[in-house]
Amino acid sequence: MAEKIELSVPKKLVEVENVSKSFGSNHVLENISLFIDEGETLTVLGKSGVGKSVLIKLIVGLLPLDSGVVKYEGKSISETTEKELNEIRKNIGFLFQGGALFDSMSVGENLNMILHKHTDLPLEEREVRILRALELVGLKDKIDEMPSSLSGGQRKRAGLARSIVLKPKLILYDEPTTGLDPITAGSIAELILSLQTELQVASIVVTHDLPTAFTISDRTIVLESGKKIYDGPVEGLSSTHHDHLGEFLDAAKLDRSRREEILKNAHKM
């Protein structure tokens with residue numbers, strides 16, 4: 001009798017079910033549903049003001065829901081105690097648009113503060129974690145630098161190092177390439193994809209940058225006027241007839257060809 005082969009089914013890390021959010025008369029999100037599996041990269045695309053950043057703040061519990069449910073590993077975020085929510089947040093890294101580093105602390109001190117606050121690790125182990133995180137983002141030699149001395153791209157990388165130093169299962173990126181020149185933006189996109197492979201971390205990336213989306217996405221959704229108008233592979237965007245995205249599609253498709261090379265090189269990190 002042939003041996004039965006069990007296929008592994010991806011585990012849903014985050015589930016968003018019929019979520020709505022308004023600010024006064026401004027209905028930002030209406031009945032949004034999505035999911036992300038462990039180790040998957042999901043990009044959230046759309047014009048400015050469609051609720052992309054609000055969505056990830058709802059996922060991490062920084063904003064209250066008007067209606068609907070957000071689940072992390074099957075547990076409703078809104079039904080957790082503050083202590084339980086803080087435990088969940090230890091598994092979620094958040095890269096803010098500006099990096100959100102403390103300017104009065106060096107790069108290494110910024111990372112150490114997170115470890116000191118959220119773990120009981122002794123100093124020696126914290127130092128190992130810090131050096132490894134900085135090595136992964138290419139900033140090992142900047143450990144003693146102050147944030148003010150870093151370039152825009154380096155600040156993003158330092159913020160990302162701080163996001164991964166706790167070894168999260170999920171990283172939320174809020175417009176990671178905003179304000180960066182195309183070459184630096186491309187290097188940040190490559191870094192996101194390399195970290196997914198190196199750390200087996202899931203990522204939700206909020207962006208309006210199609211070249212980045214084509215480089216990093218396993219799957220993408222498009223938001224428009226508070227609603228989800230697309231959910232599927234990034235290559236399928238050409239069939240959505242979404243006027244904001246259409247003008248970028250030809251250029252963005254060129255970047256999809258870089259994906260395999262980036263993934264191949266990531267294994268060498």
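Side-chain atoms are counted along with the backbone in the values below, which use heavy atoms only and exclude waters and symmetry mates.
Put simply, OH on Tyr230 and OG1 on Thr220 are 7.5 Å apart, with the number rounded to the nearest 0.5 Å. In this structure, OG on Ser67 lies 10.0 Å from CG on Leu29, to the nearest 0.5 angstrom. Once rounded to the nearest 0.5 Å, the distance linking OG1 of Thr81 with CG of Asn86 reads 8.5 Å. Atom OG of Ser163 and atom CG of Leu95 lie 5.0 Å apart (nearest 0.5 Å). Atom-to-atom distance recorded for Glu87:CD and Thr80:OG1 is 11.0 Å, nearest 0.5 angstrom. Atom CE of residue Met113 and atom CD1 of residue Ile130 lie 11.0 Å apart, to the nearest 0.5 angstrom.
Both Leu34 and Leu63 sit in one connected hydrophobic cluster of ILVMFWY residues. Membership requires side-chain heavy atoms under 4.5 Å apart, directly or through other members. Using a 4.5 Å cut-off between side-chain heavy atoms of Ile, Leu, Val, Met, Phe, Trp and Tyr, with links allowed through other members, Leu85 and Ile56 fall into the same hydrophobic cluster. Leu134 and Met146 fall into different hydrophobic clusters, where Ile, Leu, Val, Met, Phe, Trp and Tyr side chains are chained together by heavy-atom contacts under 4.5 Å. Both Ile59 and Leu62 are members of a single hydrophobic cluster when ILVMFWY side chains are connected at heavy-atom separations under 4.5 Å. Note: the hydrophobic cluster containing Ile77 does not contain Val69 (ILVMFWY, side chain heavy atoms under 4.5 Å, direct or indirect links).
Across His118, His116, Lys117, a single residue satisfies side chain to side chain contact (heavy atoms under 4.5 Å, CB included) together with Ile114, and that is His118.
Although no hydrogens or angles enter the test, the distance criterion places no donor-acceptor pair under 3.5 Å between the side chain of Thr184 and the main chain of Leu180. Remark: side-chain polar atoms of Thr215 are paired, donor with acceptor, to backbone N or O of Pro211 under 3.5 angstrom. Side-chain atoms of Arg129 come within 3.5 Å of backbone N or O of Val165 as a donor-acceptor pair. Checking side-chain atoms of Asn18 against main-chain N and O of Gly68 turns up no donor-acceptor pair under 3.5 Å. Checked by atom type and distance alone, the side chain of Arg126 pairs as donor or acceptor with a backbone atom of Leu121 at under 3.5 Å. Between the side chain of Asn110 and the main chain of Ser106, a donor-acceptor pair closer than 3.5 Å is present. Checked by atom type and distance alone, the side chain of Ser22 never pairs as donor or acceptor with a backbone atom of Gly24 at under 3.5 Å. With hydrogens and angles disregarded, no donor-acceptor distance shorter than 3.5 Å links the side chain of Lys228 to the backbone of Val222.
Side-chain contact, Ser148 with Asp103: no donor N or O sits under 3.5 Å from an acceptor N or O. Checked by atom type, the side-chain pair Asp218/Gln196 shows a donor-acceptor distance below 3.5 Å. Thr43 and Ser217 form a side-chain donor-acceptor contact under 3.5 Å, judged by distance and modelled atom types alone. For the residue pair Ser194 / Glu198, no side-chain donor-acceptor distance below 3.5 Å is found, with atom types taken as modelled.
A heavy-atom distance below 4.5 Å is found between the side chains of Lys11 and Glu73. Side-chain contact between Ile92 and Lys169: absent, with no pair of heavy atoms (C-beta onward) separated by less than 4.5 Å. Side chains of Leu136 and Leu191 form no contact here, defined as non-hydrogen atoms less than 4.5 Å apart. Taking 4.5 Å as the limit, every side-chain heavy atom of Phe102 sits out of range of all side-chain heavy atoms of Pro147. Taking the side chain as every heavy atom from C-beta outward, Ile32 and Leu223 approach each other to under 4.5 Å. You'll find the side chain of Leu199 reaches within 4.5 Å of the side chain of Ile164, heavy atoms only. Looking at Glu84 and Glu79, their side chains never come closer than 4.5 Å, going by heavy atoms from C-beta outward. Annotation: side chain of Ile204 is not in contact with side chain of Tyr173 (no heavy-atom distance under 4.5 Å).
Considering all non-hydrogen atoms of both residues, Lys156 and Thr177 come closest at NZ-N, 4.5 Å. Minimum interatomic distance between Leu42 and Phe35 (heavy atoms only, all atoms of both residues): CD2-O, 4.0 Å. Between Val205 and Pro176, the closest heavy-atom pair is CG1-CG, 3.8 Å. When all heavy atoms of Ile143 and Leu131 are compared, the pair lying nearest together is CD1-CD2, 3.8 Å. Among all heavy-atom pairs drawn from Leu45 and Ala213, the shortest one is CD2-CB, 4.0 Å. Across all their heavy atoms, Leu139 and Gln154 have their closest contact at CD1-O, 3.4 Å.
Under the ring-ring contact (aromatic ring centres under 6.0 Å, His included) criterion, Phe94 pairs with Phe96, not counting sequence neighbours.
Cation-pi geometry between Lys21 and Phe23 is met: under 6.0 angstrom from the ring centre, within 45 degrees of the axis.
Within a 6.0 Å radius of NZ in Lys90, more than 12 heavy atoms belonging to other residues, nucleotides or ligands are found. For CG of Leu123, the number of neighbouring non-hydrogen atoms (other residues, nucleotides, ligands) closer than 6.0 Å is greater than 12.
Ion pairing between a basic and an acidic side chain is recognised when a charged N comes within 4.0 Å of a carboxylate O; Glu38 and Lys12 show no such pairing.
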